[in-house]
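Reckoned from all heavy atoms, side chains included, excluding hydrogens, waters and symmetry mates. Bear in mind the structure is a predicted one, so any value in this text is a computation, not a measurement.
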Amino acid sequence: MVGLELEALAVEPEPMDRERWLKLLGEVDGEELKDPCTGQVIGKRTNEFVVKTDTTSAIIEISVEPGPKAISKAFQALELLGVRPYARAYYPPPGRRWYLKNATPRGHYRLLHWYGYSHWEIATMASSQVWLDVSKEELPRVLDAINKASPWLLKKYSNSPFAGWKEYRVRAWQLFSERSWASAPYPWAPKPFSGWADVLEDLTSGAPQEAEPCLDLSLNAWEELAEAFAKGKVLARRADMGLAYATPQGVLKGMQRWTFRPAIARWRPKPSPRPEALKGALEGNPKPFLDSLEKVMVEVRLLPYLPQERLEEAVEDLLKLARAEPPEVGWAELREAYVRAAMGKRLPEWASWPEGV
């Protein structure tokens, strides 16, 4: 099953501001969605989709549950909104003043400013984020395959040229990771994965950041976080700088945001995660962590905004890759090929491997 989060830039004839967005949202029938941190309106939920803004009012985000018509439902929602999407996935940010005035009230973005999260520089980037349902056993292999195929996918579907790059969003993520909280090594780049131990090592290679909803975990070192998780007493900081306790479920959900590679692991924790889950993961035993998960998915993040037919083609490619056995390739080689693809340069021979899948 395939789910979708479609982001489209509303920047023609100029970037949509928050006032225009709220007026547009008022014409949609559905349940209002409010930010759990600030209580301000961010979107609406209908029977078919969820629509909201992401990062700024210039990005319209439409989420559709996994199903055979996920893509067509997302584009029908865009049509219903009356938004003509920008043909690219990157638009040069209109400036800090505009951003401060029109940034979404969604509290977790504001919370992350404590980490130097200068996301105003990537505030006008859009993407087609595809969710693939997989089993716990299959997730590392699917993650490995899509990350290793990312140079090929990037070359095939890039649509955002700027400043000499064929896909400038890769450069924007590079700059973001250099200037912000992202302390995991090369968090923007594809990476090989040989098993769940690699997946968990990647997630825990950076600093603890955020738990859901809207709680800052930077008060904790990793070992302290694992001990607190086991006791069910994870101390965190609210957006108003007060202290609160994060739930184990909130920590497990928040961990999904800590890297932004081309494909990442996503999951839904069980109502009562095993208390030793994080501690076991840190000690190299992934089983308690896996036992704490009810459902797992692979989220593909590298695809830019694409028109419907192109996005359907991209999803077909991803489904083929999910069944493929990826080649052996090192992290440095993979990273270099990914950047070469983003710059429109020739790829090494191994990077053409998806052609026959």
Checking the side chain of R261 only, and the main-chain atoms of Y186 only, is there a donor and an acceptor separated by less than 3.5 Å?
yes
Using a 3.5 Å cut-off and no angle test, enumerate the donor-acceptor pairs between side-chain atoms of residues 16-33 and protein atoms at least two apart in sequence or in another chain.
{"residue": "D17", "atom": "OD1", "partner": "E19", "partner atom": "N", "Å": "3.3"}
{"residue": "D17", "atom": "OD1", "partner": "R20", "partner atom": "N", "Å": "2.8"}
{"residue": "R18", "atom": "NH2", "partner": "V41", "partner atom": "O", "Å": "2.7"}

Hey, mind stepping through V234 and L215 against side chain to side chain contact (heavy atoms under 4.5 Å, CB included) and telling me if it holds?
CA-CA 10 Å; V234 180; L215 293 173; over 6 Å; no
Assigning hydrophobic clusters by single linkage (Ile, Leu, Val, Met, Phe, Trp, Tyr; side-chain heavy-atom cutoff under 4.5 Å), is V296 placed with W131?
no
What are the two closest non-hydrogen atoms of P326 and D144, and how far apart are they?
CG-OD2, 3.0 Å
E7 side-chain N/O to S127 backbone N/O, donor-acceptor pair under 3.5 Å
yes
Below 4.5 Å, heavy atoms only, C-beta onward: do E333 and P348 meet side chain to side chain?
no
For K166 and K155, indicate whether the former's side chain and the latter's backbone hold a donor-acceptor pair under 3.5 Å.
yes
Could you tell me whether the side chain of P15 reaches within less than 4.5 Å of the side chain of T124, counting heavy atoms only?
no
Min side-chain heavy-atom separation P151-L334 under 4.5 Å
yes
Determine yes or no for a side-chain-to-main-chain donor-acceptor pair under 3.5 angstrom, with N159 supplying the side chain and A87 the backbone.
yes
F162 meets the ring pair (Phe, Tyr, Trp, His ring centres under 6.0 Å) criterion, sequence neighbours left out, with Y90, Y168
Hey, is NZ on K279 packed in by over 12 heavy atoms from elsewhere, all under 6.0 Å?
no
Taking every heavy atom of T204 against every heavy atom of L200, the minimum-distance pair comes out as OG1-O, 2.8 Å
No-hydrogen, no-angle side-chain donor-acceptor test under 3.5 Å, Q308 and E312
yes
Contact check, side chains of Y338 and P262, non-hydrogen atoms, under 4.5 Å:
yes
For the CD atom on E294, are there more than 12 heavy atoms of other groups (residues, nucleotides or ligands in this structure) within a distance under 6.0 Å?
yes
So how far is it from L278 CG to S292 OG, rounded to the nearest 0.5 Å?
7.5 Å
Rounded to the nearest 0.5 Å, the CH2 atom of W222 sits from the CG atom of L217 at a distance of 8.5 Å
Test side chain to side chain contact (heavy atoms under 4.5 Å, CB included) on L321 and L153 and set out the steps.
CA-CA 11 Å; L321 287 167; L153 289 164; 3.9 Å; yes
What do you reckon, is CZ of R45 surrounded by more than 12 foreign heavy atoms closer than 6.0 Å?
no
Looking at W331, I'd like to know if the NZ or CZ of R335 sits under 6.0 Å from its six-membered ring centre while staying within 45 degrees of the ring's axis.
yes
Could you check whether atom CZ of F75 has more than 12 heavy atoms from other residues, nucleotides or ligands sitting under 6.0 Å from it?
yes
Among the clusters formed by ILVMFWY side chains lying less than 4.5 Å apart, do V83 and V11 turn up in the same one?
no
For L319 versus R323, what's the shortest heavy-atom pair and its separation?
O-NH1, 3.3 Å
Show the nearest heavy-atom pair for residues A89 and L9, with the distance to one decimal.
C-CD1, 3.8 Å
With a 4.5 Å cut-off on side-chain heavy-atom distances among I, L, V, M, F, W and Y, is there a chain of contacts connecting V300 to I59?
no
Indicate yes or no for a side-chain donor-acceptor contact from W267 to the backbone of L252 under 3.5 Å, with no hydrogens or angles considered.
yes
Heavy atoms, side chains only, cut-off 4.5 Å: are L318 and L303 in contact?
yes
Determine yes or no for a side-chain-to-main-chain donor-acceptor pair under 3.5 angstrom, with R340 supplying the side chain and R346 the backbone.
yes
The reported gap from CG in N147 to CD1 in I264 (rounded to nearest 0.5 angstrom) is 10.0 Å
Transitive ILVMFWY side-chain link L347 to Y157, under 4.5 Å:
no
Take F49 and K73 through the test side chain to side chain contact (heavy atoms under 4.5 Å, CB included) and record every step on the way to the result.
CA-CA 7 Å; F49 59 85; K73 285 181 180 179; 5.9 Å; no
Drop me the distance from T46's OG1 to L80's CG, to the nearest 0.5 angstrom.
8.0 Å
Is a side-chain donor or acceptor of K191 paired with a backbone partner of D202 at a separation under 3.5 angstrom?
no
Flag the pair S160 / Y305 as yes when at least one side-chain heavy-atom distance between them is below 4.5 Å, and no otherwise.
no
I'd like to know if the side chain of T53 reaches the main chain of T56, judged simply by a donor and an acceptor atom lying under 3.5 Å from each other, with no hydrogens or angles considered.
no
I'd like to know if Y91 and I62 are part of one continuous hydrophobic network [Ile/Leu/Val/Met/Phe/Trp/Tyr, side-chain heavy atoms within less than 4.5 Å].
no
Taking the side chain from R237 and the backbone from L243, do they hold a donor-acceptor pair closer than 3.5 Å?
no
Using a 6.0 Å cut-off, check whether atom NZ of K136 has over 12 heavy atoms from anything other than its own residue.
yes
Derivation and outcome, side chain to side chain contact (heavy atoms under 4.5 Å, CB included), residues L306 and E313
CA-CA 10 Å; L306 297 168; E313 181 183 358; over 6 Å; no
R301 side chain to A263 main-chain N or O, any donor-acceptor pair under 3.5 Å?
no
So, are D133 and K295 salt-bridged, with charged N and O less than 4.0 Å apart?
yes
Contact summary for L311 and S128, nearest pair of heavy atoms:
CD1-CB, 3.7 Å
Do P273 and F229 make a side-chain contact, defined as non-hydrogen atoms from C-beta onward lying under 4.5 Å apart?
yes
According to side chain to side chain donor-acceptor pair (under 3.5 Å), does anything in residues 58-72 pair up with another residue at least two apart or in another chain? List the pairs.
none
